[in-house]
Amino acid sequence: MSSVPTDLFPHPIVQAPMAGGVAVPQLAAAVSEAGGLGFLAAGYKTADGMYQEIKQLRGLTSRPFGVNLFLPQPETADPAAVGVYAHQLAGEATWYDTELGDPDSGRDDGYDAKLAVLLDNPVPVVSFHFGVPGREVLDALRRAGTYTLVTATTAEEARAVERAGADAVIAQGVEAGGHQGTHHDVPETDGSGTGLLSLVAQVRESVGIPVVAAGGIMRGGQIAAVLAAGAAAAQLGTAFLAAHESGAHALHKQALTSPLYVRTELTRAFSGRPARALVNRFLREHGPYAPAAYPDVHHLTAPLRKAAAKAGDAQGMALWAGQGHRMARELPAGQLVEVLAAELAAARTALSAGGAR
Ligand SMILES: Cc1cc2nc3c(=O)[nH]c(=O)nc-3n(C[C@H](O)[C@H](O)[C@H](O)COP(=O)(O)O)c2cc1C
C-alpha cells in the first residue's frame, strides 16, 4: 500500500477540519507547526471567508495544511416534513427570542467558487465531506499540486472514492463526532454505522489507496491500533476541539468532560443529517422526529443555536462530540500533538516487544 506523504506531516496525526468556527487558523497552525497536519474547515463559509482564513494561516505557518469542502447536496428533502419540523420548533424560537432560519438558504455551500479559489491559489491538501467529487475536480487539484482525500463510511463508499481518483480515503467510523460523511443520506440505513477498527480493516481490503482513520480517537495508543490495522494516519476531531486554540464555544469545551453529559447520539435534530453530539435537551426533545433534510434543517436551526450560545445555554447548542469525549485534554494544540506522538511511540514499542515474545 502506498502511504500518505510523510514530508507533508512527520507525525501520522491529522487535526480534523471542524466547521462552525472550531478549526480556526490558530488551531491548524499550531498542529502543523508541531508536525501534525492542521486543517481549515470551509463548510458554511463563503469562498472569500475561506480565502481569508487560508491567507491568515499562511501568515502563521509555512508548514503544509489542508482545507475541507462540503459537496453540494441534492434536493431530496420533503418540504412538508421541513414545514412540520419548523412548526415544532416554533416554541424554541419564542424561548430564545429569535426567528427560525430560512430552510432554502442554499444547498451547494459555494462549492464551485471555493474550488475556483483552491485552483487559483493551491493548498497542500484538500479533503471532501458528504460525497465524492468528480474525477475532473480531483485531477485538476492534482495538477495544481494538491493532495486529495475524501471521507467514506463504508467499504463501498471507499471504492467509489478510489474510482474517482482521490489520493487517499478517510475511513470515518460511527464513533466520530460531528457529521457522518456518508455519500447519500439514506434514513433506512440509520443505526447501521460501522465501528472504526472494523471499518479500517474493511476499507483496507477494498482499496489500494492510503486510509486515514477517524472516529473516537483520543490517545496515541488508539492511533497505534489503527496504524496496526492498516491505516496510514489518524484524524482526530474531538481531541482537538478541546485544545486551547480551538474556536469552539467555552461551554462546548466544558461539556465534553462535564458530568451533565454522559453520552452521545447520532441525531438529525440540528442539521437534518446524522451527526454525533452530546445528548442535551434540544437533541432529546427534537431528535426523535427531525426529518432527513440537510442542509434545510441546518439553516432552520442556525439562529436557535446562535441564540442559545449567546444566552450561555448549552442545552440548546449543537455540542458535536465523538464517543471518546470524556478523554478530552485541554492542552495547547502543539503540546497535544507531542503527547499523542509520545503515546504512539510508547504503544508501538510495547506492540513490537509483545510481538518479539
Ligand atoms: C465539531 C466538529 C465539526 C466537524 N466538522 C467537520 C467538517 O467541517 N468537515 C469534515 O470533513 N468533518 C467534520 N467533522 C468530522 C471529523 O472530520 C472527524 O470525522 C471526527 O471528528 C472524528 O471523530 P472524533 O471527533 O471522535 O475524533 C467534525 C467533527 C466535529 C467534532
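Just so you know, residue 1 is the first one in the sequence shown, and it goes up from there. Whatever order the structure lists ligands and atoms in, that order sets their numbers, starting from 1.
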Under 3.5 Å, side chain of Arg142 to main-chain N/O of Gly165, donor-acceptor pair present? yes
Looking only at distance, does Thr151 have an N or O less than 3.5 Å from an N or O of ligand 1? no
Any chance the side chains of Gln202 and Ser206 put a donor and an acceptor closer than 3.5 Å? no
Looking only at atom types and distance, does a side-chain atom of Arg107 sit under 3.5 Å from a main-chain N or O of Gln73, one as donor and one as acceptor? yes
With rounding to the nearest 0.5 angstrom, report the CD to CG distance, Glu33 to Leu60. 8.5 Å
Is there a heavy atom in Gly181 that sits closer than 4.0 Å to ligand 1? no
If I apply the N/O under 3.5 Å rule, does Ala19 come out as touching ligand 1? yes
Please determine if Gln172 has a nitrogen or oxygen closer than 3.5 Å to a nitrogen or oxygen of ligand 1. yes
Counting only heavy atoms closer than 4.0 Å, does ligand 1 sit against the backbone of Thr238, its side chain, both, or neither? both
Do Asp296 and Tyr85 have side-chain N/O donor and acceptor atoms under 3.5 Å apart? no
Please list, in number order, the atoms of ligand 1 under 4.0 Å from a heavy atom of Leu236. 27 (O)
For atom 26 (O) of ligand 1, what is the nearest protein heavy atom, given as residue, atom name and distance? Gly216 N, 2.7 Å
Record the part of His129 in heavy-atom contact with ligand 1 below 4.0 Å; permitted values are side chain, backbone, both and neither. side chain
Could you check whether any heavy atom of Phe70 sits closer than 4.0 Å to an atom of ligand 1, since that is the contact criterion I want to use? yes
Nearest-0.5 Å distance, CD of residue Gln15 to CG of residue Leu340: 12.0 Å
Look at atom 17 (O) of ligand 1 and say which protein heavy atom is nearest, naming residue and atom and giving the distance to 0.1 Å. Gln235 NE2, 3.0 Å
Just grab all the ring-ring contact (aromatic ring centres under 6.0 Å, His included) pairs involving residues 22-45, residues at least two apart or on different chains. Tyr44-Phe70, Tyr44-His298
Is Gly215 close enough to touch ligand 1? Criterion: a residue heavy atom under 4.0 Å from a ligand atom. yes
What residue and heavy atom of the protein are closest to atom 9 (N) of ligand 1, and at what distance? Asn68 OD1, 2.7 Å
For His179 and Ser271, does a side-chain donor sit closer than 3.5 Å to a side-chain acceptor? yes
Close-contact set for ligand 1 against Gly322 heavy atoms, below 4.0 Å: 26 (O)
Decide whether Thr153 and Glu157 meet the rule of one side-chain donor and one side-chain acceptor closer than 3.5 Å. yes
Side chain His286, main chain Phe270, donor-acceptor under 3.5 Å: no
Atom CG of residue position Asp120 - does it have more than 12 heavy atoms of other residues, nucleotides or ligands inside 6.0 Å? yes
Taking every heavy atom of Gln172 against every heavy atom of Gln180, the minimum-distance pair comes out as OE1-CA, 3.2 Å
Please verify whether a non-hydrogen atom of Pro17 lies at under 4.0 Å from ligand 1. yes
Using a heavy-atom cut-off of under 4.0 Å, does the side chain or the backbone of Ile170 touch ligand 1, or both, or neither? neither
Within the structure, does His252 bring an N/O atom to less than 3.5 angstrom of an N/O atom in ligand 1? no
Provide, to 0.1 Å, the distance between atom 30 (C) of ligand 1 and the closest protein heavy atom, together with that atom's residue and name. Met18 CG, 3.7 Å
Out of Gly178, Ala16, Gly177, Gly237, whose heavy atom is nearest to atom 15 (C) of ligand 1? Gly177
Does an N or O from Ala176, backbone or side chain, lie closer than 3.5 Å to an N or O of ligand 1? no
